[in-house]
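Down below is the structure, laid out as structure tokens.
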Amino acid sequence: MTLLRLTASRIAGRGCLIAQASSWTPSVSSTNLTSPRAWQHLSARHFSMSPSRRHTESSISYDKTQNNAPQFKEDPFVYTGPLNSAFRRLKIFSLGSFGLSLTLTPFLFLIESGLPMNARFALATIALGTSGLSTSLVAWCAKPYVTTMRRCRPDEMGSAEEVELMTYTLTLRPRITMVYDPSFLIETRRPLAKWELAEKIHLTANRTDAVGTNVHPEPGQEETVAETRNEKGDVIGRWVVKWEENGAGTCHEVGHVVRYFNVHEELLQ
């Protein structure tokens with residue numbers, strides 16, 4: 001009897017201790033925030049950031065407090081053409097209409113009709129010619145339109161700033177053109193385009209001091225000014241300059257390079 005009472009009292013004591021332990025919850029002040037594990041736990045949170053906040057924070061540049069260290073500031077601005085979706089839908093519609101014309105034209109010769117064969121050939125020629133001409137016109141107008149443009153900072157002091165421009169073909173395949181010397185981008189007279197790769201250029205003291213590259217090119221030396229890559233990253237064309245006497249250079253095309261570019265200059269300011 002005494003043994004049973006002793007066992008019951010021990011069980012009751014343990015139950016009280018368990019109830020007290022379960023009712024206690026640690027407060028925030030009891031957590032040691034100075035420990036590395038506490039900071040690691042707090043930093044594991046993920047916060048969403050709105051686009052406006054991302055643009056604001058990316059435009060802030062932090063100046064290193066070094067006296068003679070070179071200062072590089074990466075431009076966070078990325079140009080995006082406002083008519084990207086419009087040109088994309090126009091290309092799809094143009095290709096669709098041309099494909100529909102190719103598909104329906106044979107039925108002009110298969111369906112029984114009172115039209116003579118000469119008239120059928122004339123109708124087929126007009127349908128295919130009109131559709132093909134409109135598709136070619138859309139391809140010519142939309143070819144130089146720049147969908148995305150970004151500036152790349154130089155890897156070292158004294159080198160020129162690089163510009164990357166992305167365009168699309170009629171079949172919606174990207175063409176990425178990297179211009180290694182933006183001073184070769186000049187105004188163009190081509191309709192529906194703003195810039196073109198210069199065919200001839202002449203080095204001046206102001207240009208060499210501002211660009212910092214090709215300061216003293218040797219006559220007969222050739223340099224790649226720009227190159228165009230496809231969606232796979234393969235180079236399909238280059239714009240090469242051949243230097244002559246007194247800093248004069250003549251450019252020529254190697255392969256298929258995108259030479260003309262259509263951008264909204266008011267959005268670059």
Side-chain angles (χ1 to χ4, degrees), residues 51 55 75-105 124-152 161-201 224-241 251-269:
H55 178 74
D75 190 1
F77 176 78
V78 177
Y79 167 86
T80 302
L83 301 179
N84 292 344
S85 59
F87 274 106
R88 181 181 179 87
R89 289 193 294 265
L90 181 61
K91 292 177 181 178
I92 294 175
F93 176 77
S94 180
L95 289 176
S97 62
F98 183 69
L100 187 63
S101 300
L102 289 177
T103 304
L104 298 180
T105 298
T125 303
I126 293 174
L128 291 179
T130 304
S131 181
L133 180 62
S134 62
T135 304
S136 302
L137 184 61
V138 169
W140 183 81
C141 295
K143 182 179 180 181
Y145 190 78
V146 177
T147 60
T148 306
M149 180 177 63
R150 56 174 54 90
R151 296 189 297 182
C152 304
E161 185 181 58
E162 300 176 358
V163 179
E164 181 184 278
L165 304 102
M166 179 179 292
T167 56
Y168 281 85
T169 62
L170 179 63
T171 56
L172 302 179
R173 293 184 178 181
R175 292 293 181 263
I176 304 172
T177 303
M178 180 67 74
V179 181
Y180 300 111
D181 193 345
S183 61
F184 280 80
L185 290 174
I186 61 175
E187 295 183 0
T188 181
R189 295 182 179 179
R190 182 191 187 274
L192 299 177
K194 295 292 185 180
W195 302 338
E196 70 171 327
L197 292 173
E199 186 176 359
K200 294 184 178 181
I201 195 169
T224 300
V225 176
E227 61 182 9
T228 301
R229 299 177 181 270
N230 56 13
E231 65 275 10
K232 299 180 181 179
D234 301 330
V235 178
I236 60 176
R238 291 186 175 90
W239 192 254
V240 182
V241 58
C251 301
H252 62 278
E253 181 181 9
V254 178
H256 301 280
V257 65
V258 178
R259 181 182 176 184
Y260 300 96
F261 306 97
N262 186 11
V263 297
H264 299 268
E265 295 181 343
E266 64 275 8
L267 300 179
L268 300 178
Q269 299 177 359

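If you read the sequence from its start, that first residue is 1, and numbering goes on from there.
With contacts defined as side-chain heavy-atom distances shorter than 4.5 Å, the pair P82/L267 qualifies. At least one side-chain heavy atom of M178 sits less than 4.5 Å from a side-chain heavy atom of E162. Looking at heavy atoms from C-beta onward, M149 lies in side-chain contact with V163 at the 4.5 angstrom threshold. No side-chain heavy atom of V263 sits under 4.5 Å from any side-chain heavy atom of Y145. Inter-residue side-chain proximity for E231 and R175 is flagged as met; some heavy-atom pair is nearer than 4.5 Å. Proximity of Y180 to V225: side-chain heavy atoms (C-beta onward) are nowhere separated by under 4.5 Å. A heavy-atom distance below 4.5 Å is not found between the side chains of V146 and H264.
Here L128 contributes atom CG and L133 contributes atom CG; the two are 12.5 Å apart, rounded to the nearest 0.5 Å. Between the OG1 atom in T147 and the CG atom in N262 there is a gap of 11.5 Å [rounded to 0.5 Å]. A distance of 9.5 Å separates NZ of K143 from OH of Y260, quoted to the nearest 0.5 Å. Rounding to the nearest 0.5 Å gives a distance of 8.0 Å between NZ of K232 and CZ of R173. For the atom pair T130 OG1 and I126 CD1, the distance stands at 7.0 Å (nearest 0.5 Å). From L170, atom CG reaches atom CZ of F98 across 10.0 Å, with rounding to the nearest 0.5 Å.
Under the 3.5 Å distance criterion, with hydrogens and angles disregarded, no donor-acceptor pair is assigned to the side chains of T80 and T148. In this model, a donor atom of one side chain and an acceptor atom of the other lie less than 3.5 Å apart for E265 and W195.
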Apply salt bridge (Lys or Arg N to Asp or Glu O under 4.0 Å) to E253 and R238, showing your working. CA-CA 6 Å; E253 181 181 9; R238 291 186 175 90; over 6 Å; no

Test side-chain contact (heavy atoms from CB on, under 4.5 Å) applied to L172 and R88, step by step: CA-CA 7 Å; L172 302 179; R88 181 181 179 87; 3.9 Å; yes

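Listed for the Y79 side chain is no donor-acceptor partner under 3.5 Å among the backbone atoms of L165. A donor-acceptor distance shorter than 3.5 angstrom exists from the side chain of N230 to the backbone of G233, with no hydrogens or angles considered. A side-chain donor-acceptor contact under 3.5 Å links R259 to the backbone of L197. In this structure, the side chain of S131 does not engage the main chain of A127 through any donor-acceptor pair within 3.5 Å.
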Which pairs of donor and acceptor atoms, one on a side chain in residues 185-193, lie under 3.5 Å apart (sequence neighbours left out)?
{"residue": "T188", "atom": "OG1", "partner": "R190", "partner atom": "N", "Å": "3.1"}
{"residue": "R190", "atom": "NH2", "partner": "W140", "partner atom": "O", "Å": "2.8"}

In residues 89-97, what donor-acceptor pairs under 3.5 Å come from side-chain atoms, sequence neighbours left out?
{"residue": "K91", "atom": "NZ", "partner": "Y168", "partner atom": "O", "Å": "3.1"}
{"residue": "K91", "atom": "NZ", "partner": "T169", "partner atom": "O", "Å": "3.1"}
{"residue": "S94", "atom": "OG", "partner": "T135", "partner atom": "OG1", "Å": "3.0"}
{"residue": "S97", "atom": "OG", "partner": "F93", "partner atom": "O", "Å": "3.2"}
{"residue": "S97", "atom": "OG", "partner": "S94", "partner atom": "O", "Å": "2.8"}

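Scanning all heavy atoms of the two residues, the minimum distance from E161 to C152 falls at CG-O, 3.5 Å. For the pair C141 and F87, the tightest heavy-atom approach, listed with the atom from each and the gap, is O-CE2, 4.5 Å.
The existence of a salt bridge linking R151 and E164 is excluded, since no basic side-chain nitrogen approaches an acidic carboxylate oxygen closer than 4.0 Å.
When the shell of 6.0 Å around NE2 of H252 is examined, it contains more than 12 heavy atoms from other residues, nucleotides or ligands.
For the side-chain hydrogen bond (donor to acceptor under 3.5 Å, both in side chains) with T228, the lone residue among T167, T177, D234 that qualifies is T177.
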